[in-house]
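All chains are named by letter (A, B, ...) in the order of the sequence lines, taking the proteins before the strands, and each is independently numbered beginning at 1. Quick caveat: nothing in here was measured; it's all calculated off a predicted structure.
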Amino acid sequence: MASDSFRNARGTRDLYPDDLLLIHHLERTAVAVAQAAAYREVRTPLFEETRLFRRSLGEATDVVEKEMFTVPRRTAEGAEVSSTSDPLSFTFRPEGTASVVRAYLQGGYAARAPLQKWYYVGPMFRYERPQKGRERQFTQFGVEAFGAQSATLDAEVIGIALDFFQRLGFGEQLEVRMNSMGDPEDRALWKDKLRDYFTPQFEGEQIERCADCRDRFTRNILRLLDCKVPRCQDLNVGAPDLFEVMNEDALMHHQQVGEALRAIGFEPKEDRSIVRGLDYYSRTVFEVHYPPLGARSALCGGGRYDGLVEEMGGRPTPGVGFSVGFTPTELAMAELGLPPAGDLDDLRAEAAPQVFAIAVSAEDRLPLFALVEDLRRAGVRCELDHRGKSPKAQFKEAAKSQARFALVLGPDERVAGQVVLRDLQQKQEAPVAVADLVNTVTLALSAP
RNA sequence: GUGGGCGUAGCUCAGUUGGUUAGAGCAUCGGUUUGUGGUACCGAAGGUCGCGGGUUCGAGUCCCGUUGCCCACCCCA
């Protein structure tokens, strides 16, 4: 732990073999639920031109203003062209949607086959102060569906998120909270009304709002609505409601999404405080919550972004998606005791060797290594000692490795053209002819 | 960016009002009469107590600085 030893960069994490048992479980579950709904995987580069994110997420968002992981690009001479303000610098993706939309357009999918349903799992990057459940590099699972404005598509997307958590072991208390952001015209009208309504609170000498709200008032007025300061919440009572000015289609869409969710067994909870932080959302916005987790109950967020594809230079194309952070999911699972110990053992067993080969004398090592290789080629997970341990120590290691069988080769067996195959669970052993080894082992492993 | 807490063996931590060669558990390695295991017992190895300075006869223990990590706020996955 010397001060000059190398360390991982702040906000990053090494995932060791044991950690990856759970991570693989999450990844496989994500792939399974996405594929069940006929979503196909898309992979985009980890970094993009900075202007992509400025445009899609919105200039005034926190992500763009202070959390961008930006690197300068270089000129032909190799000199650095500096800073975030350089529109052609590169930024490591802070979320998935912008890149996926870009790829959707660039790949010509809008013209070719407008309805596209994609998912992704991969690392995202935000340059912010690390904290519990928050890292500078983190993994997200997300889905994006382009080309239909139907309410069943919203419900399908939300359903995938719910499936994901259910398969991981989250129970009946999973909750969908949803709201609508209306269409852009509705939102513009609403913002005007909010500004008119709130302006008096920010005028004169006695400003009752908290300092954050003062800032929000000019930067992003919608955020006033989810301020957690009690007095600010009181001051929000009676503010204009978006639903009063929302157009008929958007209202109806919102209702239909609710019906579609009820059709698949979920009663969504209306929550007017859900105002997602990114600019591109329209109509449906939602979060999946698990109330037993208390303050940190939000597991997943997403919504519709019908204007985004057009904003990015494509023909008007509706879209809807969500993303889940693995880190909060892991945290939640740890708190809930998931996955159950038995499941974790199964995951571990998948990686453990099935056969542990033991050499009695030094002369047995090379022939044994050859036998091990035969088994490996036949698909048997097989391990042996590489450190010259005593037979006794090899047996200890075999036991610890969780292998089902020990394969023992000594001078006696070598002369007889045999090995001893010991069942470490049943504590029984029998000689096996070397020629029959692969078949015998394969057969024994396939039997219960 | 603002505030708080903490840095002692690979890991989790003890270290009394500052006092002689800094401890435990787990993990590692070896052994318990030489070809049969997960338990038990015995033993070994492993630390310039984050780094630098100061106070003191003496500092892991007190003070200052520095660095790293963690937590909270902001915001979010």
Determine the Euclidean distance between corresponding [atom1] atoms of [M] and [N]; express it in Å to zero decimal places.
N     : M     : atom1 : value
B/C73 : B/G50 : P     : 29 Å
B/G18 : B/C62 : P     : 8 Å
B/C74 : B/U17 : P     : 39 Å
B/C69 : B/U8  : P     : 14 Å
B/U28 : B/C11 : C1'   : 12 Å
B/U67 : B/G53 : C1'   : 14 Å
B/A44 : B/C6  : P     : 36 Å
B/C29 : B/C13 : P     : 24 Å

May I ask you to say what [X] touches in the nucleic acid, namely base, sugar-phosphate or nothing, with a heavy-atom cut-off under 4.0 Å?
X      : result
A/R129 : base
A/V324 : nothing
A/G301 : nothing
A/E413 : base
A/V408 : base
A/E429 : base
A/R136 : nothing

Could you tell me how far apart [X] ([atom1]) and [N] ([atom2]) are, to the nearest whole angstrom?
X      : N     : atom1 : atom2 : answer
A/E128 : B/C76 : CD    : C1'   : 7 Å
A/Q131 : B/C74 : CD    : C1'   : 9 Å
A/E287 : B/C76 : CD    : P     : 9 Å
A/F125 : B/C75 : CZ    : C1'   : 20 Å
A/N8   : B/C70 : CG    : P     : 9 Å
A/R365 : B/G35 : CZ    : C1'   : 13 Å
A/D62  : B/C73 : CG    : C1'   : 13 Å
A/E135 : B/A77 : CD    : P     : 15 Å

Does a nitrogen or oxygen in the side chain of [X] sit under 4.0 Å from OP1 or OP2 of [N]?
X      : N     : result
A/K132 : B/A77 : no
A/R414 : B/G35 : no
A/K389 : B/C29 : yes

For this session: Report yes if some heavy atom in the side chain of A/T284 is under 4.5 Å from a heavy atom in the side chain of A/V157; otherwise report no.
Result: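 A/T284 vs A/V157: side chains apart.
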Base-pairing assignment for [N] (Watson-Crick or G-U wobble, both under 3.5 Å):
N     : result
B/G35 : none
B/G10 : B/C26
B/A45 : none
B/U17 : none
B/C76 : none
B/G3  : B/C71

For this session: Starting from the 5' end of RNA chain B, give me the residue, A/K66 or A/G133, whose nearest nucleotide shows up first.
Result: A/K66
Exercise. Of A/G11 and A/Q425, whose nearest nucleotide on RNA chain B comes first from the 5' end?
Worked result: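 By nearest-heavy-atom nucleotide position, the 5'-most residue is A/Q425.
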For this session: Would you mind telling me which of A/W118, A/Y104, A/Y305 makes a side-chain hydrogen bond (donor to acceptor under 3.5 Å, both in side chains) with A/E144?
Result: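 One option only clears the test, and that one is A/Y305.
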Problem set entry | Step-by-step ring pair (Phe, Tyr, Trp, His ring centres under 6.0 Å) determination, A/F395 to A/F356 | CA-CA 9 Å; A/F395 268 100; A/F356 197 102; 8.9 Å; no
Exercise. Within 45° of the ring axis of A/F243 and under 6.0 Å from its six-membered ring centre, is that where the NZ or CZ of A/R272 lies?
Worked result: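 Judged by the rule (NZ or CZ under 6.0 Å from the ring centre, within 45° of its axis), A/R272 counts as positioned above A/F243.
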Exercise. Distance under 6.0 Å and angle within 45° of the ring axis: does A/R136 meet both against A/Y127?
Worked result: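 Yes, A/R136 sits over the ring of A/Y127.
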For this session: For the side chain of A/F395, starting at C-beta, report the closest nucleotide among B/A77, B/G38, B/U36.
Result: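 Within the option list, the nearest is B/U36.
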Problem set entry | From B/U36, B/C29, B/C69, nucleotide with atom closest to A/V420 side chain | B/U36
Exercise. Taking the six-membered ring for Trp, are A/F141 and A/F322 ring centroids under 6.0 Å apart?
Worked result: yes
Exercise. Are A/E128 and A/K66 ion-paired here, with the side-chain N under 4.0 Å from a carboxylate O?
Worked result: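 No salt bridge links A/E128 with A/K66.
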Problem set entry | Salt-bridge criterion met for A/R167 and A/D163 (N-O under 4.0 Å) | no
Exercise. Would A/F326 pass as stacked on B/A77, i.e. its ring centre under 5.5 Å from the base's six-membered ring centre and planes under 30° apart?
Worked result: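 Base of B/A77: not stacked against A/F326.
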For this session: Record whether the side chain of A/R134 comes under 3.5 Å of the base of B/C75 through a donor-acceptor pair of N or O atoms.
Result: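 Such a pair exists between side chain and base.
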Exercise. Looking at B/G37, does its base get a donor-acceptor pair with the side chain of A/R422 below 3.5 Å?
Worked result: yes
